[in-house]
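Below: the structure, in structure tokens.
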Amino acid sequence: MMMSLSRFLLRNEYVLGFNCVQRFMSSRTNGEVRITQILKESFPQATSVKVVDISGGCGAMYEVHIESNEFKGKRTVQQHQLVNQALKDEIQGMHGLRIFTDVPKK
């Protein structure tokens, strides 16, 4: 008996694709949790830290969004350099990293 794709996705948390395991309806990956913790420790004034594995769960590429007063008065390139420095050990195992930084709005 054939199962519809939507029924398959509801029953299975993982689907193979693009040489990675893609997540559907699941919790955060270990990499997302680890990177979030590093960023929160590196930027204690951060009002928002969001990390998303955009490689489908295999840890090859992440997108990070950080709002922190520590970025105040710094150009975007300087803000991104701070993030890169905080994640220098993690970046070695990645194919890519998208960084979005901002100073909290009052």
Side-chain angles (χ1 to χ4, degrees):
M1 181 169 146
M2 291 224 5
M3 184 184 306
S4 72
L5 179 60
S6 60
R7 181 180 246 173
F8 175 81
L9 292 175
L10 287 172
R11 289 185 174 185
N12 296 278
E13 187 173 327
Y14 299 98
V15 176
L16 293 177
F18 303 107
N19 298 325
C20 294
V21 176
Q22 294 185 342
R23 298 175 296 135
F24 289 92
M25 299 175 288
S26 66
S27 61
R28 297 173 58 200
T29 66
N30 291 339
E32 290 169 338
V33 172
R34 186 177 61 253
I35 292 169
T36 299
Q37 185 62 35
I38 292 168
L39 292 172
K40 285 182 177 182
E41 289 172 4
S42 298
F43 301 97
Q45 296 179 29
T47 57
S48 175
V49 175
K50 181 180 176 190
V51 178
V52 179
D53 182 339
I54 57 174
S55 63
C58 68
M61 189 165 182
Y62 291 91
E63 182 172 292
V64 299
H65 297 259
I66 307 169
E67 284 187 8
S68 179
N69 283 321
E70 290 144 311
F71 299 138
K72 192 172 187 173
K74 293 180 174 51
R75 294 175 296 146
T76 302
V77 70
Q78 293 170 317
Q79 296 172 13
H80 290 202
Q81 287 170 340
L82 290 172
V83 174
N84 279 317
Q85 181 61 32
L87 297 175
K88 67 182 177 194
D89 293 334
E90 301 298 319
I91 288 173
Q92 293 176 11
M94 294 180 197
H95 291 287
L97 177 65
R98 291 183 189 164
I99 301 171
F100 299 91
T101 55
D102 202 0
V103 175
K105 310 288 188 276
K106 293 184 178 181

Interatomic distance, T29 atom OG1 to I35 atom CD1 [nearest 0.5 angstrom]: 7.5 Å

Using the side-chain hydrogen bond (donor to acceptor under 3.5 Å, both in side chains) rule, collect all pairs that involve residues 81-90, keeping only residues at least two apart or in two chains. R34-E90

Output the distance between atom CG (L87) and atom CG (L97), rounded to the nearest 0.5 Å. 6.5 Å

Say whether V49 and V52 are linked into one hydrophobic cluster, either directly or through other cluster members, by side-chain heavy-atom distances under 4.5 angstrom. no

Determine whether N69 and P104 make a side-chain contact, defined as any pair of heavy atoms from C-beta on separated by less than 4.5 Å. yes

Looking at residues at least two apart in the chain, or sitting in another chain, which of them share a side-chain hydrogen bond (donor to acceptor under 3.5 Å, both in side chains) with T36? R28

E41: side-chain hydrogen bond (donor to acceptor under 3.5 Å, both in side chains) partners, not counting sequence neighbours: Q37

Across all chains, not counting sequence neighbours, the salt bridge (charged side-chain N to carboxylate O under 4.0 Å, His left out) partners of K105 are D102

What residues, two or more places apart in sequence or in another chain, satisfy side-chain hydrogen bond (donor to acceptor under 3.5 Å, both in side chains) together with E67? none

Taking all atoms of both residues into account, what is the closest heavy-atom pair of S42 and A86, and its distance? OG-CB, 3.4 Å

Any donor-acceptor pair under 3.5 Å from D53 side chain to E32 backbone: no

Sorted by first residue and then second, give each ring pair (Phe, Tyr, Trp, His ring centres under 6.0 Å) pair with at least one member in residues 66-106; sequence neighbours left out. F43-F71, H65-F100

Does any non-hydrogen side-chain atom of E63 lie less than 4.5 Å from one of K50? no

What about V51 and M61, same hydrophobic cluster or not, with Ile/Leu/Val/Met/Phe/Trp/Tyr joined at side-chain heavy-atom distances under 4.5 Å? no

